[in-house]
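Atoms considered below: every heavy atom in the structure, side chains included; atoms not considered: hydrogens, waters and symmetry mates. Residue numbers start from 1 in every chain, and the chains themselves are labelled A, B, ... in the order their sequence lines are given, proteins ahead of strands.
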Number of protein chains: 2
Amino acid sequence: MDAIDLSLLELLRGNARLSYAELARQVGLSAPAVHERVGKLEASGVIRAYRAEVEPEAVGLGVTALIGIVEDSGGDTDDVLEAFRRMPEIESCYFMAGVESFLLKARVGTIAELEQLIVRLNRTPGVASTRTSIALSTKWENRPQPVAPPFT
Amino acid sequence: MDAIDLSLLELLRGNARLSYAELARQVGLSAPAVHERVGKLEASGVIRAYRAEVEPEAVGLGVTALIGIVEDSGGDTDDVLEAFRRMPEIESCYFMAGVESFLLKARVGTIAELEQLIVRLNRTPGVASTRTSIALSTKWENRPQPVAPPFT
DNA sequence: TACAGTCCGTGGACGCCATCGACCTGAGCC
DNA sequence: GGCTCAGGTCGATGGCGTCCACGGACTGTA
């Protein structure tokens, strides 16, 4: 993991569909060299995936909500997590410090669907309570940090 | 925007580096047809970007925090937003319903950097107070919803 | 019905790209 | 020195991206 790897990561975070030839030109190596470096970054898990970022409204997911979850004292955290994992509306799941053990980001089409999701969450064994905040608009999301910090 | 477009979106959300030829095979069209459809999805803004998803720890960003912002009654929301936009640590920014006008997701390298970020946020004109929760671990993030809902 | 226009696809062509193997070079180590 | 290995370049080749000409389905109009 050197400066060239960091440039590659930055380029691919900006546009994941750049060709190896183009990446090679940008970092000043040959295409096969870049191919091998990117392959290693993928294999070692530094690059987790390549994703197209889709406008949520365009696929009928206009409602974004952030939901804090307070866990039941008796519940099994793994079971709760597994239940969350089975709910496709939950796009992100963070295990938090604080009273609320989890913070979920969910995306649904309508407020009615959000209501159903909250009901399902409250019924989930191990969940003591939920606290939902609705996002009126997403100013930006998953913005790549422009420069990677100095590296060891 | 028909069923084929939705399949293309789903395929590209799963792997943004699929070739047009491969996409064409999956949806049963020719490569040029897919090329044109994807081009239109990009032009119309349905596809916002293609991003490589990078393991944050691997680039020295091991600390994730979610920060709620209460706005000053006198402040200008646009100015506050602009100030946030200039802080690269802020990866996502939602405008919320509720007492806290914004929810920010920030990623930094160390707790010390988080402290500096919070100080900067509290000093920002228009910000009345902040409430920071630290994510101990990210269970998952930006998971693509498996199937797009029925479409009009 | 006939006709023209539009949309959206296919197939062919051509140049660039991905990818493989062979080879080169410098660093580290006996 | 000479071995080994990591990591690069170069050259070849098959597949891919992309442009263009063409054609069928649908629609509105005479």
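In this view, B:Phe102 and B:Phe84, B:Phe95 satisfy the ring-ring contact (aromatic ring centres under 6.0 Å, His included) rule, not counting sequence neighbours. Listed by chain and residue number, nothing satisfies the ring-ring contact (aromatic ring centres under 6.0 Å, His included) test with A:Tyr50 (two or more places apart in sequence, or in another chain). Listed by chain and residue number, A:Arg131, B:Glu100, B:Ser133 satisfy the side-chain contact (heavy atoms from CB on, under 4.5 Å) test with B:Arg131 (two or more places apart in sequence, or in another chain). Residues satisfying the side-chain contact (heavy atoms from CB on, under 4.5 Å) criterion with B:Val54, sequence neighbours excluded, are A:Leu9, A:Arg13, A:Val46, B:Val59. Here A:Asp78 pairs with nothing under the side chain to side chain donor-acceptor pair (under 3.5 Å) rule; sequence neighbours left out. For the side-chain contact (heavy atoms from CB on, under 4.5 Å) test, residues two or more places apart in sequence or in another chain that qualify with A:Ala49 are A:Arg51, B:Glu53. Every residue meeting the side-chain contact (heavy atoms from CB on, under 4.5 Å) condition with B:Ser30, not counting sequence neighbours, appears here in chain and number order: B:Pro32, B:Ala33. Annotation: side chain to side chain donor-acceptor pair (under 3.5 Å) contacts of A:Thr130 (sequence neighbours excluded): A:Asn122.
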Output a table of nitrogen or oxygen pairs between the protein and nucleotides 13-17 of chain C separated by less than 3.5 Å.
residue: C:dC17; atom: OP1; partner: A:Arg25; partner atom: NH2; Å: 3.4

Give me the distances for all protein-to-nucleotides 22-28 of chain C N/O pairs that come in under 3.5 Å?
none

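Scanning both residues, B:Glu141 and B:Thr138, for their nearest heavy atoms gives OE1-CG2, 3.8 Å.
Under the 4.5 Å side-chain criterion, counting only non-hydrogen atoms from C-beta, B:Arg107 is in contact with A:Gln145.
A heavy atom lying under 4.0 Å from DNA chain C marks the following residues of residues 28-44 of chain B, by number: B:Leu29, B:Ser30, B:Pro32, B:Ala33, B:Arg37, B:Lys40.
Between the P atom of C:dC7 and the CD1 atom of B:Ile4 lies a distance of 18 Å, rounded to the nearest Å.
Between the side chains of A:Ser7 and A:Gln26, no donor N or O sits under 3.5 Å from an acceptor N or O.
With hydrogens and angles ignored, the 3.5 Å screen pairs no side-chain donor or acceptor of B:Arg143 with any backbone N or O of A:Cys93.
Using a 4.0 Å cutoff to heavy atoms of chain B, the contacted part of DNA chain D runs 5' to 3' from D:dC16 to D:dC19.
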